[in-house]
Engineer: 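Have a look at this one before I ask anything.
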2 protein chains.
Amino acid sequence: MKPEESTGDRLLAGAATLFRQKGYAGTTTRELSGLLGLQNASLYHHISGKEDILFRLCMGALEHVAEGIDQVMDPRLSPIDQLRALALRYTQIALEDRDRHATMLIEIRALSDARRTEVVEARDKNVRRVQDVIAAALSEGEIRQDIDVKYVTLALFNLLNWSIFWWRPDGEIEASELAEILWKVFADGAVTSRT
Amino acid sequence: MKPEESTGDRLLAGAATLFRQKGYAGTTTRELSGLLGLQNASLYHHISGKEDILFRLCMGALEHVAEGIDQVMDPRLSPIDQLRALALRYTQIALEDRDRHATMLIEIRALSDARRTEVVEARDKNVRRVQDVIAAALSEGEIRQDIDVKYVTLALFNLLNWSIFWWRPDGEIEASELAEILWKVFADGAVTSRT
DNA sequence: GTCTATACACAGATAGAC
DNA sequence: GTCTATCTGTGTATAGAC
């Protein structure tokens with residue numbers, strides 16, 4: 001049922017795979033064109049330059065996350081239940097889109113100032129939406145108050161983001177299972193006795 | 001009191017900074033020699049090639065961690081207290097040595113097969129020592145038993161490793177403070193009501 | 001241990017035909 | 001939309017003098 005993928009889409013998907021595996025600077029446009037079965041020059045019909053690919057990948061990954069957040073934000077839920085739904089969905093999106101997502105997280109530094117600023121803003125927008133939900137849950141007494149909201153948020157993203165670098169789609173654990181595990185640790189911790 | 005740093009040491013420290021900021025492939029040997037006030041060719045008196053720098057940085061970072069683990073492992077402590085000491089020390093070492101540590105975590109992929117294998121083994125050795133302590137704490141009932149030890153360990157490293165990419169030495173929070181926060185979240189979770 | 005000079009492979013990108 | 005051919009800058013690395 002999947003429609004024929006355009007060359008432009010295959011280009012971005014191929015680039016995401018290569019960029020995650022070998023890094024942006026470590027990937028040559030010739031490797032990319034080779035993967036697509038094209039000549040190097042043919043790439044430039046679809047893109048304006050190598051950096052253009054990276055920029056589109058980053059923005060695409062972040063829009064994908066933003067859509068996921070939209071879908072899962074249910075105002076009928078309590079803040080803490082919203083947060084749980086958000087964390088699970090974010091983990092799953094990040095893992096299933098790991099080529100783009102890992103590239104976005106790591107290779108932002110390779111973008112020009114103007115483009116990097118744009119990507120960072122889009123990323124921070126997503127983070128802020130999560131932080132707002134955490135703040136709402138905190139004001140209802142559902143989140144511990146001895147840690148600044150900012151660091152609660154960062155701890156959550158720590159927990160979720162790093163998984164992208166070791167989780168594999170053909171590994172022993174499904175994305176949804178891992179999402180549940182990470183949420184459990186974030187919510188309740190791993191130690192039984194309170195320390 | 002710090003002894004005069006040899007050119008070889010300055011080379012490695014400078015490379016770590018550049019590699020973290022711009023990536024391994026994105027850093028040129030000319031930038032490095034420029035930073036040191038040397039000609040490009042002069043580097044090759046100290047190293048056999050660019051990849052040699054990366055390899056030494058990775059191994060150095062991991063040895064540094066291993067020494068930290070040695071220092072903090074006190075057999076008189078209970079497993080859960082050992083784990084706490086371990087987590088705090090690991091966080092602090094990783095943050096204070098973030099140039100080398102971030103490079104090691106991200107740029108392993110750029111090493112040749114043989115060297116990458118060696119680095120991965122050294123890294124896994126450190127991880128295994130932590131996992132062994134978690135397993136010991138678990139068998140004393142101090143760690144929750146509904147998550148496989150393997151994933152408890154990975155969750156801990158998720159939490160600690162990702163901090164390297166946003167924490168800054170001149171920021172608003174000290175490494176030791178952040179270490180405490182992350183341990184709190186790992187140990188007790190961030191949610192007050194049990195979910 | 002650092003220098004000058006240079007080799008040479010390969011990168012990203014463009015021109016213009018088909 | 002893809003091709004062949006090619007430009008030009010820059011990368012890592014070496015040779016050999018000082």
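Chain identifiers are assigned alphabetically (A, B, ...) following the order of the sequence lines, protein sequences preceding nucleic acid strands; residue numbering begins at 1 within each chain.
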Engineer: Would you say Ser42(B)'s side chain and Leu38(B)'s backbone share a donor-acceptor pair under 3.5 angstrom?
Structural biologist: no
Engineer: Grab the OH-P distance between Tyr44(A) and dA5(D) for me, whole Å please.
Structural biologist: 19 Å
Engineer: Is there side-chain contact between Val130(B) and Tyr90(B), with heavy atoms separated by less than 4.5 Å?
Structural biologist: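 Counting from C-beta outward, Val130(B) and Tyr90(B) never come under 4.5 Å.
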Engineer: What are the bounds, 5' to 3', of the part of DNA chain C that sits under 4.0 Å from heavy atoms of chain A?
Structural biologist: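 Contact span on the strand: dA11(C) to dA15(C).
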Engineer: How would you label the contact of Thr27(A) with the nucleic acid (heavy atoms, under 4.0 Å): base, sugar-phosphate, or nothing?
Structural biologist: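 Result for Thr27(A) = sugar-phosphate.
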Engineer: Grab the CD-C1' distance between Gln39(B) and dA15(D) for me, whole Å please.
Structural biologist: 15 Å
Engineer: Let me know the distance between CG of Leu32(B) and P of dT12(D), rounded to the nearest Å.
Structural biologist: 10 Å
Engineer: Looking at Tyr24(B), I'd like to know if the NZ or CZ of Lys50(B) sits under 6.0 Å from its six-membered ring centre while staying within 45 degrees of the ring's axis.
Structural biologist: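 Satisfied, under 6.0 Å and within 45°.
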Engineer: Side chains of Arg89(A) and Gln71(A) only: does a donor on one sit below 3.5 Å from an acceptor on the other?
Structural biologist: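 On atom types as modelled, these side chains qualify, holding a pair under 3.5 Å.
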Engineer: Linking I/L/V/M/F/W/Y whenever their side-chain heavy atoms sit closer than 4.5 Å, directly or via other members, would Phe19(B) and Tyr44(B) fall into one cluster?
Structural biologist: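 Yes.
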Engineer: Categorize Thr28(B) for me: base, sugar-phosphate, or nothing, with a 4.0 angstrom heavy-atom threshold over every strand shown.
Structural biologist: sugar-phosphate
Engineer: If I compare all heavy atoms of Ile143(B) with all of Val152(B), which pair ends up nearest, and what's the gap?
Structural biologist: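 Minimum heavy-atom contact is CG2-CG1, 4.3 Å.
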Engineer: Distance criterion of 3.5 Å, no angle test: do you see the side chain of Arg30(B) paired donor-to-acceptor with the base of dT12(D)?
Structural biologist: yes
